[in-house]
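Hydrogens, waters and symmetry mates are skipped; everything else that's a heavy atom, side chains included, is used.
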Amino acid sequence: MYQQLLKLGSSSIATQRHFLVVDADTVLIRPHRFYADGKHLFYCRSWSQPEYFVTYRKLLGKKAPRPRSFVTHYMLFDKTKLRSLKNKIEAKHGTKWYKAILRSINRKKQFGFSEFETYGNYVYSANPGKARLKSALNKSLSTSPSALSGSTIGKLAQRYRSLSFHKRKGYTRSAK
């Protein structure tokens, strides 16, 4: 939870309007574009955790459009849009955005909140015509990143855009 709040809060220290956040266990293996033809490009997948949308509704008072899942282990944030999201949460709940998030999560669920799902759905709902959704093509591997050769990565890059290593033996990942 801390890392998710940290990502959303990083807009206060980012020096540029747009900043990229990539989970520490994920590596981009192909070039990515995040804006094209005046549209924000979101990398998406086809499934998500239902509880993310329960929390979204609690936070914003409406159903998430959820055209696809925005949880792909990386996202380009726009400080202006992120500030708007946080302001809307604060106005609805009468408290700081991070306190509202913490109060809205069902702590009995392992997966109660996603910063990527919340931000992506918020931006998409504001102007769907200004967003383009692309398949993330992420591959989860159980090996160590250092065990992959350059040729193996090259072969994986023919099919995938990114690799995630959150299922490695001896590695525990905190619940999102």
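Both Leu8 and Ile89 sit in one connected hydrophobic cluster of ILVMFWY residues. Membership requires side-chain heavy atoms under 4.5 Å apart, directly or through other members. Tracing side-chain contacts under 4.5 Å through hydrophobic residues (I, L, V, M, F, W, Y), one reaches Leu76 starting from Val22; they form part of the same cluster. Taking hydrophobic clusters as Ile, Leu, Val, Met, Phe, Trp and Tyr residues chained together by side-chain heavy-atom distances below 4.5 Å, Tyr43 does not share a cluster with Ile29. Linking ILVMFWY side-chain heavy atoms closer than 4.5 Å, directly or via other members, places Leu82 and Tyr56 in a single hydrophobic cluster. Note on Val27 and Leu137: separate hydrophobic clusters, where clusters join Ile, Leu, Val, Met, Phe, Trp and Tyr whose side-chain heavy atoms are under 4.5 Å apart, directly or indirectly.
Between Phe77 and Tyr119, the gap from one ring centroid to the other is short of 6.0 Å.
Summarising the geometry, atom CZ belonging to Phe165 is positioned 5.0 Å from atom CG belonging to Leu141; distances are rounded to the nearest 0.5 Å. To the nearest 0.5 angstrom, Glu117 atom CD is 13.0 Å from Phe111 atom CZ. Distance check, rounded to the nearest 0.5 Å: CZ of Arg33 to NZ of Lys134 gives 8.0 Å. The distance from atom CZ of Phe113 to atom OG1 of Thr55, rounded to the nearest 0.5 Å, is 8.0 Å. Atoms CZ and CG, from Arg83 and Leu85 in turn, are 12.0 Å apart once rounded to the nearest 0.5 Å.
Within the 4.5 Å cutoff, the side chain of Val71 has no heavy atoms near those of the Trp47 side chain.
No donor-acceptor pair closer than 3.5 Å links the side chain of Ser48 to the backbone N or O of Ser69. For the pair Thr118 (side chain) and Ser114 (backbone), a donor-acceptor distance under 3.5 Å is present. Glu51 places no side-chain N or O within donor-acceptor distance of the main-chain N or O of Lys109, the cut-off being under 3.5 Å. A donor-acceptor distance shorter than 3.5 angstrom exists from the side chain of Ser125 to the backbone of Tyr122, with no hydrogens or angles considered.
Applying the salt bridge (charged side-chain N to carboxylate O under 4.0 Å, His left out) rule to Arg30 yields no partners; only residues at least two apart in sequence or on another chain are considered. Partners of Ser162 according to the side chain to side chain donor-acceptor pair (under 3.5 Å) rule, which considers only residues two or more places apart in sequence or in another chain, are Asn138. Evaluation of the side chain to side chain donor-acceptor pair (under 3.5 Å) rule for Ser12 yields no partner, not counting sequence neighbours.
With 3.5 Å as the limit, one finds no donor-acceptor pair spanning the side chains of Tyr124 and His40. With hydrogens and angles left out, the side-chain atoms of Ser140 and Ser164 include no donor and acceptor closer than 3.5 Å.
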Acceptor/donor pairs from residues 153-160 side chains to any protein atom, 3.5 angstrom cut, sequence neighbours excluded:
none

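Ala36 approaches Leu41 most closely through the heavy-atom pair CB-CD1, 4.0 Å. The two residues Phe42 and Gly120 have their closest heavy-atom pair at CE2-CA, 4.0 Å. The shortest heavy-atom contact between Leu133 and Cys44 is CD2-SG, 3.8 Å.
Applying the side chain to side chain donor-acceptor pair (under 3.5 Å) definition to pairs two or more places apart or across chains, none involves residues 87-106. Listed by first and then second residue, the salt bridge (Lys or Arg N to Asp or Glu O under 4.0 Å) pairs involving residues 57-74 amount to none (not counting sequence neighbours).
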message: Please evaluate residues Phe70 and Val123 with respect to the criterion side chain to side chain contact (heavy atoms under 4.5 Å, CB included), reporting the C-alpha separation (whole Å), side-chain torsions for both, the decisive distance (0.1 Å), and the verdict.
response: CA-CA 11 Å; Phe70 294 95; Val123 171; over 6 Å; no
task: Report the C-alpha distance between Ile105 and Met1 in whole Å, list the side-chain angles of each, state the deciding distance to 0.1 Å, and finish with yes or no for side chain to side chain contact (heavy atoms under 4.5 Å, CB included).
output: CA-CA 10 Å; Ile105 296 170; Met1 192 66 229; 3.3 Å; yes
- request: Show your reasoning for whether ring pair (Phe, Tyr, Trp, His ring centres under 6.0 Å) applies to Phe116 and His73.
  value: CA-CA 8 Å; Phe116 295 142; His73 315 296; 7.7 Å; no
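For Arg45, the CZ atom counts as densely surrounded, since its 6.0 Å shell holds more than 12 non-hydrogen atoms of other residues, nucleotides or ligands. Annotation: Lys139, atom NZ; neighbour count of heavy atoms from other residues, nucleotides and ligands within 6.0 Å does not exceed 12.
Between Tyr35 and His18, the ring-plane angle classifies as perpendicular under the 30° and 60° cut-offs.
Remark: Lys7 engages Asp23 in a salt bridge, criterion side-chain N to carboxylate O under 4.0 Å.
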